[in-house]
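These figures come from a predicted structure and were not determined experimentally. Order of the sequence lines fixes the chain letters, A, B, ..., with proteins taken first and strands second; residue numbering starts at 1 for each chain.
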Amino acid sequence: MNEQPEVIARSAEELLGGLNEQQAEAVRYDGPALLIAAGAGSGKTRVLTRRIAWLLSQVGAWPSQILAITFTNKAAAEMKERLTTLIGPVAQRMWVSTFHSACVRILRRDGEKIGLRSGFSIYDTADSQRLVKIICTELNIDVKRYTPRSILAHISDYKNGLIDWRTRLKEHAPQFKPGQRGSKIGGFGDVEELYACVYAEYQYRLATANAVDFDDLIMRTVELLRADPMTAEYYRRKFRYILVDEYQDTNHAQYVLVRELGGVDSGGAREPGARGAGRTGPAWITVVGDSDQSIYAFRGADIRNIQEFEKDFPDARTILLEQNYRSTQTILSAANAVIALNPGRKPKRLWTALGDGSKIIGYAADNAQQEGAWIAGEIARLTAEEGFRYSDIALMYRANAQSRSLEEALINARIPYQLVGGTKFYERKEVKDAMAYLQAIANPSDDVNLRRILNVPKRGLGARAEAVLTAFAAEHRTSVWEALESLESMPDVPTRTAKLLTQFRDLMRALQTFAAGNDGSPSEIVAEVLEKSGLVAELRKSTDPQDMTRVDNLSQLQSTAAEYEQNTPDPTLNGFLETTALVADSDQLPDGDEDTGKVTLMTLHTAKGLEYPVVFLTGMEQGTFPHSRAMENESELEEERRLAYVGITRARQVLYVTRAAVRAQWGQAAEMLPSQFLDDIPENLIEWKRRETGVDSLRGGWRDDGDDEFGGFEGGYSSSSSSYGSRSRWGSASRRASSDRSSYGSYGSSSSRGGYGGGSYGSGHGSRGGSSRGGYSSGSSYGSSYGGSSSGRSGRVTTRRMKKDLLDSLTKAKSAAAAKAAESSRPSQLDVADFHEGDRVSHDQYGLGKVIAVEDKGRNSVITVDFGSDGVKRLLLRVAPIEKL
DNA sequence: GCGCGCGGCCTTTTT
DNA sequence: GGCCGCGCGC
């Protein structure tokens, strides 16, 4: 193999070939700061790779001077691959990586200047949470009130904002001394003090464990560059061209990192007459992004980074890419319409030369199961009749929990699928346990991981034994492992515990020795750990069928290690640990055009950057998408809208939007109203295969205004302005749906009872704000009291457990409940035969109206009445408070 | 110290 | 519906 591979020389024509004017301009732009505002599907990766090739072959940059940063490992791998095609194997020598792995690389090399010893551990979120929890317990913090999760979120915010723990401590808890047991304080004056103390203690523990968390990777790299001018200088001389993809997703720390690495503020001057960025002065910075696709504000991404790029970087230039090469105009028009509602954005309109294509297809299902079943049917049709392959199709949803009903439907229909994301391989308990052994072997100071495995598998070392160790460690300000090493000098250790601890110590020593002797073969270390620790043995002897899978997972872990070993020039245990920490699940990521023979399921977040000929956007309901927690807050709603924009623009040819009128959430049925994003898509772009559900037609009357009993039985689809009636109406109703998800009474039935059908359902009417108890009282009856009757508003039945088959028939049950309730509260005296088109009626609430349609359906007859300014309503005759005039 | 059963809480989204 | 933590009994 060639030691010094050359860059394949590419002519300017080659590099600009096939590009549109704006793309070409971006590729050859000559200057210190460039923002490529690239709309979805506008060919930004192409532009980015061509630009890199341009810098190399036309500007004279060296591969080693390039730092290309992406957000995901997949994007990095893809870019590397494309670059290899474009400029040859030399691409492998460039830094093309995520922020996190670039930082690891820097910290591995120079971290000791800020106190990081080589071989430091990288804590994932679970590790971090464990640590916070340990700290909370020791500091006497009520973890019910302040969950480790939420505390960690605050710590993460600080880090993303580069706020040092010392600063926090100085401001909010100057008396607190991290790392001293005596510093435990019972009551905290305020939450800021609490966060400051935990933050400080957390960093102290990370330091003693020689560990960093995800956010530290960025923040501590910035710290390093600021603390050590020599190091900063080294990287500034090295990286002359920095390119950042998905710039809209960068947080403050990442933004500062780019500035520091690029030497933007260091004041050095570019050598006169130099080509490109030259060898001194600020690096050339190119950022690519789309502010409309900023969907990570929740974890600290700061959209202002991209919005204010021109102000931030001197002599910055912006180039807009608006031509889309991916989707039909119909899809783009929908996307444009949705995103246009976000205020304060810079106008950008995607367009395409590909033509209109087919309409967006809409479907409203009664429940999630039916939604899944219909989608499965469509997939069967698409593949059988329209020539699509399974791998052309993707199902997307807002939250992972939604995948379940879709999966079940696909299984029933025997459609092969692959799930991307969700519970990750490395997050599975058994895998995490095995990894904890490896961590503890590689880095014995790692208290969190050592404590995790102390009694895994069960070896009789419980809380007491752990307390003995941690007390000693705290007293001597050392790690748990060192405490274990000093076991003999520890006072008051019960003989039995001492014996067990010694055994554990011997085990770990043996594993350490083995690891030291086989550092180049992580797979053998994994095998040794699995064997000697007893992890596999414990699972093998279990009778739980799930444990079989767990054994398989562990064996897969070993294979992964072997794979790593083969693909890495210089494999080490630490290298393997790092890969697993940062390159989560790269194996299962969908890969370009490859025909996997499977339909792909994933969240909208995961889908960013991907594209499929056919996309199903599922769960288009208020509260599901937009997510209920994002609906209260305007800026979060804007982010949801961007997420919708991302989802819509994933589709190349056919886009489906589906929703369910009832969805199980947290084991309970909840009524879902159509997503506002459906309203945002121009009506003429959607062809509804089914628009209204059984629940919709009932909705108006008995949830709605609550107090008007069964009166306003609004159909909702009759208004001319919008296919769904007025927005405000849906808006307000939906708020209720999300905050009071059981307003329809859940069909209570304890699991032992026979289920629905015996009439055991309750239904609720005005349950707002009220008590949420009212549990299922006696065996056979149902609480069917509807407005006005004696038990009135409290007639709601709530039972947590609800059989799945009940759920399926929920819609049906509701009509039945309505019927029952109606009978008891307001016996019908009206006969459908008495009503004719043109008749005038009077309604208790809406006043005078004119009948415009009559549907004779026996007991369920409906009349449609125009109430003038109050709108057109569909009224269920037997319950509506109307009078014929 | 361990296992079981109950109850509370939960859900965004991910490097 | 599922996870996690707690309390209880062995």
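Annotation: cation-pi geometry not satisfied between A/R642 and A/Y296 (NZ/CZ under 6.0 angstrom from ring centroid, within 45° of ring axis).
Rounded to a whole Å, the CZ atom of A/R404 is 17 Å from the P atom of B/dT11. Put simply, CD on A/E407 is 13 Å from P on C/dG2, counting in whole angstrom units. Taking atom CG of residue A/D124 and atom C1' of nucleotide B/dT15, one finds them 11 Å apart after rounding to whole Å. Between A/K133 atom NZ and C/dG5 atom C1' the separation is 7 Å, expressed in whole Å. As rounded to whole Å, 13 Å separates atom C1' of B/dT14 from atom CG of A/N251. Rounded to an integer number of Å, the gap from A/D213 CG to B/dT14 P is 19 Å.
Nucleotides of DNA chain B nearest to A/E466 and A/T603 differ in position, and the one nearer the 5' end is that of A/E466.
Going from atom CD of A/E223 over to atom CD1 of A/I218 covers 13.5 Å, rounded to the nearest 0.5 Å.
Checked against side-chain hydrogen bond (donor to acceptor under 3.5 Å, both in side chains), A/E538 has no partners two or more places apart in sequence or in another chain. Here A/R641 pairs with nothing under the salt bridge (Lys or Arg N to Asp or Glu O under 4.0 Å) rule; sequence neighbours left out. Every residue was checked against the side-chain hydrogen bond (donor to acceptor under 3.5 Å, both in side chains) condition with A/N574, not counting sequence neighbours, and none meets it. Partners of A/E371 by side-chain hydrogen bond (donor to acceptor under 3.5 Å, both in side chains), not counting sequence neighbours, listed by chain and number: A/T658, A/R663. Judged as a side-chain hydrogen bond (donor to acceptor under 3.5 Å, both in side chains), and not counting sequence neighbours, the contacts of A/D249 are A/K608.
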Output a table of nitrogen or oxygen pairs between the protein and nucleotides 2-4 of chain B separated by less than 3.5 Å.
residue	atom	partner	partner atom	Å
B/dC2	OP1	A/G460	N	3.2
B/dC2	OP2	A/N455	ND2	3.1

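Of the side-chain N and O atoms in A/N400, one or more sit less than 4.0 angstrom from OP1 or OP2 of B/dT13. Taking only side-chain nitrogens and oxygens, A/T125 never comes nearer than 4.0 Å to OP1 or OP2 of B/dT14.
B/dT13 and C/dC4 are spaced 15 Å apart, taking the P atom of each and rounding to whole Å.
Stacking is not found between A/Y296 and the pyrimidine-like six-membered ring of the B/dT13 base under the 5.5 Å centre-distance and 30° plane-angle cut-offs. By the criterion of a centre-to-centre distance under 5.5 Å and near-parallel planes under 30°, the ring of A/F99 forms no stack with the base of B/dT15.
Here the nucleotide nearest the side chain of A/A401, chosen from B/dT14, B/dT11, B/dT15, is B/dT11. When each of B/dT11, B/dT14, B/dG1 is scored by its nearest atom to the side-chain atoms of A/R149, the top-ranked nucleotide is B/dT11. The side chain of A/R464 has B/dG1 as its nearest neighbour among B/dG1, B/dT11, B/dT14. For A/H605, counting side-chain heavy atoms from C-beta on, the closest listed nucleotide (C/dG2, B/dT13, B/dT15) is B/dT13. The side chain of A/H627 has B/dT11 as its nearest neighbour among B/dT14, B/dT11, C/dG2. Comparing B/dG1, B/dT14, C/dG2 against the side chain of A/F298 picks out B/dT14 as the nearest.
Two rings, from A/H605 and A/F298, have their centers less than 6.0 Å apart.
As judged by a 4.0 angstrom heavy-atom cut-off over every strand, A/A630 is placed among residues making no nucleic acid contact.
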